[in-house]
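Step one of this worksheet: look at the structure below.
Since this is a predicted model, take the numbers as computed values, not measurements.
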Amino acid sequence: MMKTVSAFSAAALLLCAGLVFPACRQQQGSAVNEKEMAAMQAKSEQRAREIIAGLTLEQKAGMMMHHSAAVEEAGIPGYNWWNEALPCVARSGKATVFPMPIAMAASFDEPLVYEVFTAVSDEARVKYRQAVATGHVDHYQGITFWTPNINIFRDPRWGRGMETYGEDPYLTGQLGMAVVRGLQGPSDAPVLKAHACAKHFAVHSGPEPLRHSFNAEVSERDLRETYLPAFKDLVTKADVQEVMIAYNSFRGFPCGASDYLVNTILRGEWGYKGIVVSDCWAIADFYQKGHHEFAPDREHATAIAIKNGTDLNCGESYEAIPEAVRQGLLDEADVDRSLVRLLAARDRLGELDHVTSPWDHLKDEIVEGPENRALARKMAAETFVLLQNRDNLLPLDASQSIALVGPNADDAPMQWGNYNGIPERTSTLLSALRERIPGLTYLRGCGLTGTADLSEKDLADILGQLEGKDIVVFAGGISPRLEGEEMNVDVPGFYKGDRVDIELAGVQRQLLKALHDAGKKVVLVNFSGSAICLEPETESCDAILQAWYPGEEGGDALADVLLGVTCPSGKLPLTFYRNIQQLPDFEDYAMKGRTYRYFSGSPLFAFGYGLSYTTFEYGEARVNGNMLEIPVSNTGGRDADEVVQLYVRRPSDAEGPLKTLRGFKRVHVPAGQTVTVSIPLTRETFLAWSEKKQDMVPQRGGWELLYGGSSDSLKSLPFKGIR
């Protein structure tokens with residue numbers, strides 16, 4: 001993976017101050033590039049100051065909203081800052097649609113995620129060049145992406161969880177940095193490739209219907225230990241260019257008005273110098289009736305946000321800038337401070353002048369071209385998590401008597417997730433299995449939602465059509481049309497984008513049981529962006545495969561796994577609970593009782609869990625210098641990948657996590673062989689809460705190193721920790 005010079009940060013200095021690691025020496029050698037980058041940034045800022053010196057307040061205001069107005073006399077083109085890139089370049093037509101982020105998180109494959117978002121930014125540069133050629137860069141056509149969503153997926157009821165990288169801060173940070181580096185390209189290039197944006201800052205993960213008025217209250221420990229680490233990683237190590245403020249309030253202040261979040265932590269402690277952008281129409285939430293009602297009107301809200309450091313308004317509230325200045329609520333110097341950041345960023349992107357970039361050579365044909373489609377299939381193949389495989393039913397043989405049933409078998413848009421592009425071709429599970437199994441029987445069978453409402457006649461008709469079929473692959477689950485961002489949905493189990501019940505729909509459950517009772521071998525392929533309670537399905541289904549929303553190549557990738565062409569290797573990036581009673585109240589943001597780190601109950605399927613078509617055994621690990629060396633043996637008959645996981649626990653910390661992920665490595669292990677996996681032990685491995693410092697700092701004292709292939713199946717090695 002490409003290392004950006006921005007990784008030479010305060011956090012890296014802290015790391016290098018203790019034990020000396022090769023990576024630190026490499027970072028120290030990048031000082032010349034640091035100086036060159038600082039010079040380029042200073043040049044862009046000077047140009048920005050020269051531009052704004054001749055602008056009116058109205059012109060300045062016009063450039064501080066997402067639809068940035070042109071100022072022709074100053075040679076400034078119009079630009080729309082709003083673009084998205086969750087599974088691909090979003091909502092601008094053709095693009096290669098990769099799996100949704102929650103699916104990519106299941107791969108635990110940081111280098112591959114980087115490769116995916118390098119491909120996404122390649123396609124973005126092509127589409128941006130095409131837009132520039134028309135003379136107008138509109139919504140979803142620019143190179144500033146409000147991605148990644150690195151909020152912690154703390155509760156499976158949150159509809160936007162599919163946009164995240166799961167429930168763990170470390171995994172979220174590692175994969176989030178891969179996204180940033182893939183999108184932004186080399187940070188020492190003369191022109192930045194694109195912007196990434198860390199969102200939503202901070203403490204934001206539902207409920208969706210309340211987000212414009214909700215006030216999140218969390219302890220300082222939960223804030224620093226769970227909700228902020230990924231943001232800190234992206235800012236201090238990956239040089240993310242934008243940070244988006246969340247809709248909700250935090251400790252009584254809308255996030256965009258929180259001096260503590262924006263100035264004390266983000267710009268102060270972390271030294272962030274980039275752009276802060278509001279979520280869309282979040283500044284209007286400051287004053288609108290029924291929302292935060294924090295400010296009396298638009299002028300006061302605008303003044304509060306800009307003075308607090310929110311540079312860019314997604315929305316129109318900043319139209320009030322001139323009036324706010326005239327009323328004495330806002331100094332023009334505060335406006336200029338934000339506008340310098342915005343114009344300097346546009347200059348560094350080459351966007352102000354549409355200068356030649358290192359990516360101009362990319363051909364139009366790469367957009368959803370063969371290489372990127374192959375990459376989408378490779379990514380999808382690594383995301384599928386085999387949850388159950390009774391009597392080794394999987395993999396199937398195409399010569400067996402197989403039928404395909406279920407509402408998600410032939411639903412291409414479901415596979416695209418949300419904030420998606422529109423691929424020219426989507427491989428569904430139906431199309432893929434039809435290519436491999438001649439004469440495949442397919443029935444939709446039932447819908448996605450509803451209670452157990454199939455009549456005896458309905459069930460008899462379905463079973464009659466499946467006569468002679470021994471194995472049924474059931475494509476069920478839910479859909480991004482049911483879970484997502486602030487949606488107009490109110491059906492059983494779902495409300496406004498969130499889920500009010502996390503069980504599989506009754507009608508699907510009814511049909512699965514009927515298939516089982518009829519003597520069929522049942523394989524449940526569960527499509528969802530979140531955890532679903534599948535406890536009854538562990539009885540009615542012989543095999544369960546979690547498929548997420550797998551992108552345009554999902555069908556072929558799934559067929560490859562079901563038929564044994566590839567081996568399942570995904571691991572759960574979140575906990576699958578047994579039932580909703582195991583969860584605290586949705587509106588309670590305290591971490592106690594949530595996620596594998598604080599949940600003391602018995603989950604159905606644990607974080608980090610995932611079966612294979614082979615078996616792995618872990619030997620006794622040892623600490624060798626600054627590395628933990630773990631022998632992993634493939635004791636089965638197939639070559640396969642395994643995700644080796646390192647957790648730490650500090651037994652003396654009674655209030656701390658039960659365990660917390662601090663390292664992982666995806667490795668290929670040939671059948672019958674043993675590989676030794678090395679995971680670095682750094683000062684950051686032993687970060688723990690300090691009541692005295694009110695922050696996470698490297699802690700001395702006894703630790704346990706816990707390692708294995710799942711958070712619920714670990715070996716322990718006592719370790720004294722840092723010296």
- List the steps and the verdict of side-chain contact (heavy atoms from CB on, under 4.5 Å) for T538 and I544. CA-CA 8 Å; T538 61; I544 303 174; 4.2 Å; yes

- Please test R390 against D542 for salt bridge (charged side-chain N to carboxylate O under 4.0 Å, His left out), starting from the C-alpha separation and ending with a verdict. CA-CA 5 Å; R390 192 158 49 234; D542 298 274; 3.8 Å; yes

- Query: How far apart are the C-alpha atoms of D712 and K659, what are their side-chain angles, what is the distance that settles it, and do they pass the salt bridge (charged side-chain N to carboxylate O under 4.0 Å, His left out) test?
  - Reply: CA-CA 10 Å; D712 66 344; K659 62 180 81 74; over 6 Å; no

- Under the side-chain contact (heavy atoms from CB on, under 4.5 Å) rule, what do I478 and Y549 come out as? Steps first, then yes or no, please. CA-CA 10 Å; I478 54 179; Y549 301 134; 3.6 Å; yes

- After noting the C-alpha distance and the side-chain angles of E642 and K571, does the key distance pass the salt bridge (charged side-chain N to carboxylate O under 4.0 Å, His left out) rule? CA-CA 9 Å; E642 170 69 332; K571 302 282 188 172; 3.2 Å; yes

- Walk me through it: do V116 and T118 pass the test side-chain contact (heavy atoms from CB on, under 4.5 Å)? CA-CA 5 Å; V116 163; T118 298; over 6 Å; no

- Message: Run the salt bridge (charged side-chain N to carboxylate O under 4.0 Å, His left out) test on R129 and D364 for me, step by step, so that the C-alpha distance in whole Å, both residues' side-chain angles and the decisive distance to 0.1 Å come before the verdict.
- Response: CA-CA 9 Å; R129 186 184 67 223; D364 292 2; 2.5 Å; yes

- Message: Would V89 and V120 count as a side-chain contact (heavy atoms from CB on, under 4.5 Å) here? Give the steps.
- Response: CA-CA 6 Å; V89 182; V120 170; 3.9 Å; yes

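Residues W416 and P413 form a side-chain contact, since some pair of their non-hydrogen atoms from C-beta on lies under 4.5 Å apart. Annotation: side chain of P101 is in contact with side chain of L86 (closest heavy-atom distance under 4.5 Å). Looking only at side-chain heavy atoms (C-beta outward), N526 and L387 stay at 4.5 Å or farther from each other. Using a 4.5 Å heavy-atom threshold, the side chains of M414 and L482 count as separate. Using a 4.5 Å heavy-atom threshold, the side chains of Y165 and V179 count as touching. In this structure, the side chains of Q510 and C446 stay at 4.5 Å or more apart for every pair of heavy atoms.
D155 has no carboxylate O lying under 4.0 Å from a charged side-chain N of R499, or vice versa, which leaves the two without a salt bridge. R373 and D556 are not joined by a salt bridge, as no carboxylate oxygen comes within less than 4.0 angstrom of a charged side-chain nitrogen.
A donor-acceptor pair is defined here as one N or O able to donate and one able to accept, closer than 3.5 Å; no such pair exists between the side chain of N149 and the backbone of T164. Judged by distance alone, with hydrogens and angles left aside, the side-chain atoms of T144 form no donor-acceptor pair with the main-chain N or O of H195 at under 3.5 Å. Listed for the N372 side chain is a donor-acceptor partner under 3.5 Å among the backbone atoms of I366. With hydrogens and angles disregarded, no donor-acceptor distance shorter than 3.5 Å links the side chain of D122 to the backbone of V126. Of the possible polar contacts, none joining the E163 side chain to the R160 backbone as a donor-acceptor pair under 3.5 Å is found. A donor-acceptor pair under 3.5 Å is formed between the side chain of E167 and the backbone N or O of Y596. Of the possible polar contacts, none joining the D233 side chain to the K237 backbone as a donor-acceptor pair under 3.5 Å is found. Between the side chain of R91 and the backbone N or O of E84, no donor-acceptor pair lies under 3.5 Å. Between the Y613 side chain and the V561 main chain, a donor and an acceptor come within less than 3.5 Å of each other. Side chain of E553 to backbone of M379: no donor-acceptor contact under 3.5 angstrom is found.
In E371, the CD atom is not crowded: 12 or fewer heavy atoms of neighbouring residues, nucleotides or ligands sit closer than 6.0 Å. The environment of CD in E535 is crowded: more than 12 heavy-atom neighbours from other residues, nucleotides or ligands sit within 6.0 Å. Residue K521 qualifies as open at atom NZ: its count of foreign heavy atoms under 6.0 Å is 12 or below. In K94, the NZ atom is crowded: over 12 heavy atoms of neighbouring residues, nucleotides or ligands sit closer than 6.0 Å.
Of the N and O atoms on the side chains of W158 and E208, at least one donor lies less than 3.5 Å from an acceptor on the other residue. Defined by atom type and a distance below 3.5 Å, a donor-acceptor pair is missing between the side-chain atoms of S427 and R377. In this model, no donor atom of one side chain and acceptor atom of the other lie less than 3.5 Å apart for Q184 and D239. Side-chain contact, T226 with R154: no donor N or O sits under 3.5 Å from an acceptor N or O.
Y419 carries K199 over the face of its six-membered ring, with the cationic atom under 6.0 Å from the centre and within 45° of the normal.
Of the inter-residue distances, the one linking I150 atom CD1 with L234 atom CG reads 4.5 Å to the nearest 0.5 angstrom.
The heavy-atom pair separating C567 from T614 by the smallest distance is SG-N, 4.5 Å. Scanning both residues, N389 and L611, for their nearest heavy atoms gives N-CD1, 4.0 Å.
The salt bridge (Lys or Arg N to Asp or Glu O under 4.0 Å) check on K127 picks up nothing, with sequence neighbours excluded.
Proximity of the aromatic rings of F576 and Y609 is defined here by a centroid distance below 6.0 angstrom, and this criterion is not met.
Across V669, D641, V667, a single residue satisfies side chain to side chain contact (heavy atoms under 4.5 Å, CB included) together with N634, and that is V669.
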